[in-house]
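These numbers were taken from a predicted model, which means no experiment stands behind them.
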Amino acid sequence: QVQLVESGGGLVQGGGSLRLSCAASGRSFSTVAMGWFRQAPGQEREFVAAITWSGGSSYYADSVKGRFTISRDNAKNTMYLQMNILKPEDTAVYYCAAGKGRILLTTTTTVATWGQGTQVTVSS
């Protein structure tokens, strides 16, 4: 079982950047697929980015492609989300997620463990 803690959220102006981190505890981090989801007020939680267990492949929602980069450091049990050219519509609570083994995380039904979330607010 993996436990997850996000950090790095905050308030930023449009066009700015933030880097989110997800620190994982537990022995299985390097064997599971990971991802980021977000939830804006009044909306459903949505997929943002996913990365395979090895870090060899990554996938993005169309809305963030070219602006966000997901990465992981298995030696440090940590996953990252570098967010550039932020827009007001990126405002949401961002959640780190661990999968059920190596199944790629692109929907909430593939998530086994959630972090507590970190708020990202982008001003116009």
Side-chain angles (χ1 to χ4, degrees):
Q1 186 74 11
V2 175
Q3 292 80 46
L4 307 170
V5 178
E6 302 97 333
S7 61
L11 173 64
V12 64
Q13 278 194 321
S17 298
L18 280 176
R19 188 193 197 200
L20 304 184
S21 297
C22 174
S25 59
R27 299 171 61 182
S28 60
F29 175 80
S30 63
T31 65
V32 299
M34 300 287 294
W36 291 95
F37 291 74
R38 67 186 181 187
Q39 188 167 20
Q43 297 188 20
E44 293 187 352
R45 195 168 297 188
E46 65 175 7
F47 167 73
V48 175
I51 191 166
T52 55
W53 65 275
S54 66
S57 296
S58 56
Y59 303 86
Y60 299 91
D62 288 343
S63 58
V64 307
K65 203 171 293 183
R67 300 187 297 121
F68 291 11
T69 302
I70 189 172
S71 62
R72 66 190 294 168
D73 185 339
N74 285 347
K76 296 182 178 179
N77 276 17
T78 304
M79 179 179 65
Y80 306 96
L81 185 68
Q82 178 66 43
M83 304 186 294
N84 298 328
I85 318 175
L86 282 161
K87 305 175 181 180
E89 51 264 43
D90 293 319
T91 295
V93 177
Y94 282 70
Y95 295 90
C96 171
K100 303 171 184 176
R102 298 186 178 187
I103 298 173
L104 194 64
L105 300 186
T106 55
T107 66
T108 57
T109 57
T110 57
V111 175
T113 305
W114 294 99
Q116 84 286 355
T118 185
Q119 177 70 46
V120 171
T121 303
V122 184
S123 63
S124 55

CG of N77 to CZ of R72, rounded to nearest 0.5 Å, is 9.0 Å
Within a strict 4.5 Å, meaning less than it, do heavy atoms of the R38 and V120 side chains meet? no
Rounded to the nearest 0.5 Å, the OG atom of S21 sits from the CD atom of Q82 at a distance of 9.5 Å
*Taking a hydrophobic cluster as the set of Ile, Leu, Val, Met, Phe, Trp and Tyr residues connected by side-chain heavy atoms closer than 4.5 Å, whether directly or through intermediates, do Y95 and V111 fall within one such cluster?*
yes
Checking F47, F37, Y60 against T106 for side-chain contact (heavy atoms from CB on, under 4.5 Å), the one that qualifies is F47
On a heavy-atom basis, the closest approach of V48 and L81 is CG1-CD2, 4.3 Å
Worksheet item: Same cluster or not: are L20 and V93 linked, directly or through other Ile, Leu, Val, Met, Phe, Trp or Tyr residues, by side-chain heavy atoms under 4.5 angstrom apart?
Response: no
Checklist entry - Between S57 (side chain) and T52 (backbone), is there a donor-acceptor pair under 3.5 Å? => result no
| said: Between R67 and D90, does the side-chain contact (heavy atoms from CB on, under 4.5 Å) criterion hold? Intermediate values first, please. | reply: CA-CA 11 Å; R67 300 187 297 121; D90 293 319; 2.7 Å; yes
Discussion item. Taking V122's backbone N and O only, do any of them form a donor-acceptor pair with K87's side chain (distance below 3.5 Å, no angle check)?
Written reply: no
Any chance CD of Q116 has more than 12 other-residue heavy atoms, nucleotides or ligands included, within less than 6.0 Å? yes
One should read off an interatomic distance between Q119 CD and L11 CG, to the nearest 0.5 angstrom, of 9.5 Å
Check: What's the verdict on side-chain contact (heavy atoms from CB on, under 4.5 Å) for R45 and W114, showing C-alpha distance, side-chain angles and the deciding distance?
Finding: CA-CA 12 Å; R45 195 168 297 188; W114 294 99; 3.3 Å; yes
inquiry  = Are the side chains of W53 and T31 in contact, using a 4.5 Å heavy-atom criterion?
reply    = no
*asked:* Tell me whether L105 shares a hydrophobic cluster with V2, the cluster being built from Ile, Leu, Val, Met, Phe, Trp, Tyr side chains joined at under 4.5 Å.
replied: no
Residues T78 and A23: closest non-hydrogen pair is OG1-CA, 4.4 Å
Value for SG (C22) from OH (Y94), rounded to nearest 0.5 Å, stands at 15.0 Å
Value for SG (C96) from CD (Q3), rounded to nearest 0.5 Å, stands at 11.5 Å
Is there a side-chain contact (heavy atoms from CB on, under 4.5 Å) between T69 and Y80? Walk through the geometry before answering. CA-CA 8 Å; T69 302; Y80 306 96; over 6 Å; no
In short, A92 meets A40 closest at the heavy-atom pair CB-N, 3.8 Å
Taking the side chain as C-beta and beyond, is there a heavy-atom pair between E6 and L4 under 4.5 Å? no
Answer yes or no: is there a side-chain heavy-atom contact under 4.5 Å between I70 and Y59? no
Taken to the nearest 0.5 Å, the spacing of R19 CZ from N84 CG works out to 11.0 Å
| said: Count I, L, V, M, F, W, Y as connected when their side-chain heavy atoms are under 4.5 Å apart, and connections chain through other members. Are V64 and V12 then in the same cluster? | reply: yes
In terms of heavy-atom contacts, G99 and A112 come closest through O-CB, 3.6 Å
